[in-house]
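One structure is given below, encoded as C-alpha cells.
Side chains included, hydrogens not; waters and symmetry mates left out as well; all remaining heavy atoms used. Within every chain, numbering begins at 1; the chains are lettered A, B, ... in the order of the sequence lines, protein sequences first and strands thereafter.
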Amino acid sequence: MKIATWNVNSLKVRLPHLLQWVQESSPDIIALQETKLDDARFPHAEIEAAGYRSVYSGQKTYNGVAVLARQMITEVITDIPGLEDPQRRILAVTVGGLRVVNLYVVNGQAVGSEKYAYKLDWLSKVTAFLAEQLKCYPNMIVLGDFNIAPDDRDVHDPEAWRGAILCSDAERAALQTLLKLGFVDSFRTFHNEAGHFSWWDYRQGGFRRHRGLRIDLILLSDALRSRQLAATIDVAPRRWERPSDHTPALLELQA
DNA sequence: ATGGTGGGTTACCCA
C-alpha cells in the first residue's frame with residue numbers, strides 16, 4: 001500500500017502534473033495541500049476518471065487540502081474541535097482501516113510575527129486533536145506540508161537557516177511534542193543522512209542549486225511502525241515544466 | 001542588505 005503527500009501549490013495549475021504522477025506512481029492514498037480552490041471548483045470528475053475518490057476542504061486563493069484514495073473514504077473531519085478557523089488546513093479521514101490526517105501547517109512568515117504566533121498556537125491545537133484521535137484510531141498516519149524542517153539534516157545550509165522560520169527552536173520543539181504522542185517520521189526509518197529535500201524556493205534557482213528543505217513529512221503511529229516497507233521522496237516532478245515548489249513524499253506500508 | 005519567482009488577484013497578498 002502506497003501513501004503519498006504533495007503540496008501542489010494550486011491544483012488548477014497542477015492537475016495535469018497530479019494526473020501524470022498518479023498514473024506513474026499509482027499511490028493508494030494521496031494527500032494534497034494548497035489546492036487553492038473552492039469546493040465547487042474541485043476537479044473531482046477528472047480525478048475519478050483516474051481511478052480515485054476524493055474528499056476536500058478548500059477555499060479560494062489560499063490553503064485548501066484534499067485526500068484522494070482508491071478505496072472508500074469515510075469519517076471526514078475538516079475542523080479541529082474548539083478551533084474557529086476559516087483557513088482550510090486539516091482533513092482527517094478513514095481509508096482502508098487507517099486514520100489519515102492531512103495537514104497544511106501554517107507557514108509562519110517570520111519568527112516573532114503574528115503569523116508565527118498563529119503557527120505555534122495552531123500546532124498545539126492540532127497536537128491536542130491528534131492525542132484525542134489516537135485514542136480511537138491507533139492506526140494513524142499524519143502527513144502533509146509541515147512547514148518545519150525537523151533537524152539540521154533536513155536543511156541545505158543549517159547555519160544560514162539557524163533560528164529562521166521553518167527551522168526555529170520553537171517550531172522544532174512543537175514538532176517533537178507532536179511526535180512524542182507516539183509517531184515516527186517514516187523517512188528517517190530508512191534514511192539517516194543529510195541532504196534529502198522536498199521543497200525548493202522558486203527564487204534564485206533554489207532547485208538547480210540544491211538549496212532545499214525537507215518539510216513534507218509522513219508520520220506513522222507506533223502501531224503502524226512494523227508495517228513500514230520504504231519511504232522515499234520523488235524529486236522527478238520538480239523537474240517538470242511549470243512545477244510546484246514541492247515534490248511528493250511517499251511511504252510504502254505492508255498491506 | 002536586497003531581491004529574486006510563482007501562485008493567486010488587482011492586495012501595502014502569500015509562499
Side-chain angles (χ1 to χ4, degrees), chain A residues 5-21 30-43 46-47 56-66 68 83 85-91 102-123 126 143-150 154-157 159-168 170-172 174-175 197-217 233 235-249:
Chain A
T5 180
W6 195 2
N7 179 324
V8 291
N9 185 20
S10 168
L11 187 53
K12 184 179 157 200
V13 174
R14 239 64 76 180
L15 180 60
H17 304 66
L18 175 69
L19 295 175
Q20 175 74 29
W21 190 75
I30 176 164
L32 305 177
Q33 304 86 36
E34 284 205 90
T35 55
K36 298 184 175 178
L37 288 174
D38 267 330
D39 288 348
R41 294 177 188 276
F42 193 89
E46 291 90 333
I47 285 167
Y56 33 89
S57 178
Q59 65 183 96
K60 200 168 87 169
T61 311
Y62 304 120
N63 310 309
V65 283
L68 321 185
L83 177 60
D85 190 354
Q87 300 193 28
R88 304 290 81 200
R89 297 182 173 277
I90 184 164
L91 190 55
N102 179 14
L103 301 180
Y104 174 46
V105 175
V106 180
N107 174 282
Q109 196 164 59
V111 173
S113 67
E114 264 181 49
K115 285 173 186 162
Y116 183 73
Y118 166 54
K119 179 177 197 171
L120 295 178
D121 181 59
W122 191 88
L123 281 165
V126 164
L143 76 175
D145 177 359
F146 280 71
N147 270 316
I148 301 171
D154 304 308
V155 181
H156 68 89
D157 185 346
E159 292 317 315
W161 282 84
R162 182 83 55 217
I165 195 67
L166 313 182
C167 297
S168 73
E171 290 165 87
R172 286 177 170 176
L175 178 59
F197 309 128
S198 64
W199 169 82
W200 300 260
D201 202 312
Y202 284 125
R203 294 168 285 192
Q204 296 179 302
F207 182 67
R208 182 175 44 81
R209 297 161 71 190
H210 310 294
R211 298 166 69 100
L213 303 179
R214 190 177 68 91
I215 56 179
D216 298 275
L217 310 179
I233 297 173
V235 181
R238 192 60 175 80
R239 299 195 185 95
W240 295 352
E241 211 168 310
R242 213 177 173 191
S244 169
D245 46 351
H246 296 250
T247 210

Tabulate below the donor-acceptor pairs under 3.5 Å that side-chain atoms of residues 235-242 of chain A make, not counting sequence neighbours, or state none.
unit_1	atom_1	unit_2	atom_2	d
A:Arg238	NE	A:Ser244	O	3.4
A:Arg238	NE	A:Asp245	O	3.2
A:Arg238	NH2	A:Trp200	O	2.8

Taking the C1' atom of each, how far is B:dG7 from B:dA1, in whole Å?
-> 26 Å
Please list, chain by chain and in numerical order, all residues satisfying side-chain contact (heavy atoms from CB on, under 4.5 Å) with A:Lys60, sequence neighbours excluded.
-> A:Asp38
Whole-Å distance between B:dA15 C1' and A:Arg14 CZ?
-> 12 Å
Considering only B:dG8, B:dA15, B:dC13, which nucleotide approaches the side chain of A:Val13 most closely?
-> B:dG8
Choose from B:dA15, B:dG8, B:dT5 the nucleotide whose nearest atom is closest to any side-chain atom of A:Lys115.
-> B:dA15
Run the side-chain contact (heavy atoms from CB on, under 4.5 Å) check on A:Leu83 and A:Trp122 step by step: do they pass?
-> CA-CA 8 Å; A:Leu83 177 60; A:Trp122 191 88; 3.7 Å; yes
Sorted by chain and residue number, the side-chain contact (heavy atoms from CB on, under 4.5 Å) partners of A:Arg172 (sequence neighbours excluded) come out as A:Ile148, A:Ala149, A:Asp152, A:Val155, A:Arg162, A:Cys167
C1'-based separation of B:dA15 from B:dG8 [nearest Å] = 11 Å
Counting side-chain heavy atoms from C-beta on, which of B:dA15, B:dG7, B:dG8 comes nearest to A:Glu34?
-> B:dA15
Rounded off to whole Å, could you give me the CH2-to-P distance for the A:Trp199 and B:dG6 pair?
-> 14 Å
DNA chain B in dot-bracket, Watson-Crick or G-U pairs under 3.5 Å, [ ] crossing, | other strand?
-> ....(((.....)))
Only counting residues at least two apart or in another chain, list the ones meeting side chain to side chain donor-acceptor pair (under 3.5 Å) with A:Asp216.
-> A:Ser198, A:His246
Quick one: side chain to side chain donor-acceptor pair (under 3.5 Å) partners of A:Thr247, sequence neighbours excluded?
-> none
